[in-house]
A.B. asks: 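Before anything else, here's the structure in question.
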Amino acid sequence: MIECGVVADVETVRCLIQAFCDDNDVSKGYGLLRQVLGDGIVPGNAAFNKLISGFCKEKEYTKVSELLHTMITMNCIPDNFTYQEVINWLCKKGKVSEGFRIFNDLKERGYAPDIVMYTTMIHGLCTMGLGGARKLWFEMFGKGFRPNQYTYNTMIHGFCKSGDFEQARILYKEMCDKGYKETTVSYNTMMTGLCLHGRTDEAYKLFKEMPQKDIVRDVITYNTLIRAISTILHSTYCSSLSSGKSRRSQKFVE
DNA sequence: GTAGGGTTAG
């Protein structure tokens, strides 16, 4: 392109940066950004968002905040997609309160969080107890958004983790009634919660149900159960040892 | 015309 005398523009740069990021070579994309910024070319939000997303995945948080600053200096106003990445990154990092602060800040500044941002935030808040998450769930309804597959699974996971299986099942049923199909994820979510609260037998029932409903079991399905069952075996083995029935328990473990 | 985000284990 350059040899032919065609001048690269912002769109060329955007395409290249996106390609580098899609190819898991975020650093190369970043290098290109630095180079073109030096030449006075400012690629749009798309390029910045792609790089921010890439660096979030690589946990290169210094780069993320640097890019955010560069964006603002270059007059590329971060949009919903930019903030979605940032909030998600903060929540995954355990800085849920900070993410929530930005989320609330955005609303005050006229941004309208959409269903994805609500899902991300509800997911984050679930790690801090269900109060805030439920509040946001209802706020979301008030804004006219309806939960989808992701939102339902997120909230169901929240209830499961807290051990409120009654609420989890109500929501699960509601999800199905709304036409969202049961999936590997929805099953894994329930199973994980049950196992976490020692209800491995119920999780195993679900496990057996899966093929009957043509739902694929994946590595998470198996790992969840294997972990739960091996924990039971281990504690049974230990208690048998202490009560002097080592031979019998050894057989049990086998 | 223009890319793109969110769910399940450890």
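By convention in this document, chain letters (A, B, ...) are assigned in the order of the sequence lines, proteins followed by strands, and residues within each chain are numbered from 1.
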A.B. asks: Just the rounded figure in Å: distance from P of B:dT7 to CD1 of A:I215.
C.D. replies: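 Those two atoms, CD1 and P, are 20 Å apart.
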
A.B. asks: In whole angstroms, how far is the C1' atom of B:dA9 from the OH atom of A:Y222?
C.D. replies: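 Nearest whole value for this atom pair: 15 Å.
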
A.B. asks: I want to verify a distance call: between B:dG4, B:dT8, B:dG6, whose nearest atom is closest to the A:F81 side chain?
C.D. replies: B:dG4

A.B. asks: Show your reasoning for whether salt bridge (charged side-chain N to carboxylate O under 4.0 Å, His left out) applies to A:K205 and A:D201.
C.D. replies: CA-CA 6 Å; A:K205 262 184 213 151; A:D201 47 340; 5.7 Å; no

A.B. asks: Closest approach to the side chain of A:T192, judged atom by atom: which nucleotide of B:dG4, B:dT2, B:dA9 is it?
C.D. replies: B:dA9

A.B. asks: Give, ordered by number, those residues of residues 151-160 of chain A having at least one heavy-atom distance below 4.0 Å to an atom of DNA chain B; if nothing qualifies, reply none.
C.D. replies: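 The stretch gives A:T151, A:N153, A:T154, A:H157 as the residues lying under 4.0 Å from the strand, ordered by number.
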
A.B. asks: Rounded to the Å, how far apart are A:I226 CD1 and B:dT8 P?
C.D. replies: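 One finds 20 Å between P of B:dT8 and CD1 of A:I226, rounded.
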
A.B. asks: Over how many whole Å does the gap from A:Q149 atom CD to B:dT8 atom C1' extend?
C.D. replies: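 Rounding to the nearest Å, CD of A:Q149 and C1' of B:dT8 are 11 Å apart.
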
A.B. asks: Distance check needed: B:dG5 C1' versus A:Q18 CD, whole Å only.
C.D. replies: 14 Å

A.B. asks: Find the distance A:L225:CG to B:dG10:C1' and express it as a whole number of Å.
C.D. replies: 15 Å

A.B. asks: A:Y118 and ring pair (Phe, Tyr, Trp, His ring centres under 6.0 Å): which single residue from A:W137, A:F103, A:F138 fits?
C.D. replies: A:F103

A.B. asks: For the side chain of A:D79 and the base of B:dG4, is some donor closer than 3.5 Å to an acceptor across the two?
C.D. replies: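 Yes, the side chain and the base share a sub-3.5 Å donor-acceptor pair.
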
A.B. asks: Going by number, which of residues 105-121 of chain A have a non-hydrogen atom under 4.0 Å from DNA chain B?
C.D. replies: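 Per residue number, the list reads A:D114, A:I115, A:V116, A:T119, A:T120.
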
A.B. asks: If you apply the rule side-chain hydrogen bond (donor to acceptor under 3.5 Å, both in side chains), what do you find for A:D114 with A:N80, and how did you get there?
C.D. replies: CA-CA 8 Å; A:D114 59 14; A:N80 260 359; 4.6 Å; no

A.B. asks: Does the side chain of A:I52 come within less than 4.5 Å of A:L68's, by heavy atoms?
C.D. replies: yes

A.B. asks: Testing the 3.5 Å rule here: is there a donor-acceptor pair between the side chains of A:S186 and A:Y172?
C.D. replies: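 Yes, a side-chain donor-acceptor pair sits under 3.5 Å.
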
A.B. asks: Does A:F100 reach the side chain of A:L136, with side-chain heavy atoms less than 4.5 Å apart?
C.D. replies: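 A side-chain contact exists here, since the closest heavy-atom pair is under 4.5 Å.
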
A.B. asks: With sugar-phosphate meaning primed atoms plus P, OP1 and OP2, does A:N49 contact a base, only sugar-phosphate, or nothing at under 4.0 Å between heavy atoms?
C.D. replies: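 Counting heavy atoms under 4.0 Å across all strands, the contact made by A:N49 includes a base.
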
A.B. asks: Out of B:dT7, B:dT2, B:dG5, which nucleotide sits closest to the side chain of A:E11?
C.D. replies: B:dT2

A.B. asks: Would you indicate, yes or no, if B:dT2 has its OP1 or OP2 atom less than 4.0 angstrom from a side-chain nitrogen or oxygen of A:R14?
C.D. replies: no

A.B. asks: side-chain hydrogen bond (donor to acceptor under 3.5 Å, both in side chains) for A:T184 and A:D218? Distances and angles first, verdict last.
C.D. replies: CA-CA 7 Å; A:T184 305; A:D218 68 2; 5.4 Å; no

A.B. asks: Using atom CZ of A:F103 as one end and atom C1' of B:dG5 as the other, report the distance to the nearest whole Å.
C.D. replies: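 About 14 Å, once rounded to whole Å.
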
A.B. asks: Are A:F165 and A:H197 close enough that their ring centres sit under 6.0 Å apart?
C.D. replies: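 Yes - the distance between ring centres of A:F165 and A:H197 falls below the 6.0 Å cut-off.
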
A.B. asks: Among the nucleotides B:dG4, B:dA9, B:dG6, which one has an atom lying closest to any side-chain atom of A:K92?
C.D. replies: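 Of all the options, the side chain of A:K92 is nearest to B:dG6.
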
A.B. asks: Would you kindly check if the NZ (Lys) or CZ (Arg) of A:K93 is within the cone defined by 45 degrees around the ring axis of A:Y61 and under 6.0 Å from the six-membered ring centre?
C.D. replies: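 The answer is yes, since A:K93 meets both limits relative to A:Y61.
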
A.B. asks: Output the rounded distance in Å from CG (A:L194) to P (B:dT8).
C.D. replies: 16 Å

A.B. asks: From the list B:dG10, B:dA9, B:dT8, which nucleotide is the closest neighbour of the side chain of A:H123?
C.D. replies: B:dT8

A.B. asks: Using only side-chain N and O atoms of A:Q84, determine if any of them is under 4.0 Å from OP1 or OP2 of B:dG4.
C.D. replies: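 For B:dG4, OP1/OP2 do not have a side-chain N/O of A:Q84 under 4.0 Å.
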
A.B. asks: Ignoring hydrogens and angles, state whether a donor on the side chain of A:Q149 or A:T183 is under 3.5 Å from an acceptor on the partner side chain.
C.D. replies: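 Their side chains do not contain a donor-acceptor pair, so the 3.5 Å distance test is not met.
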
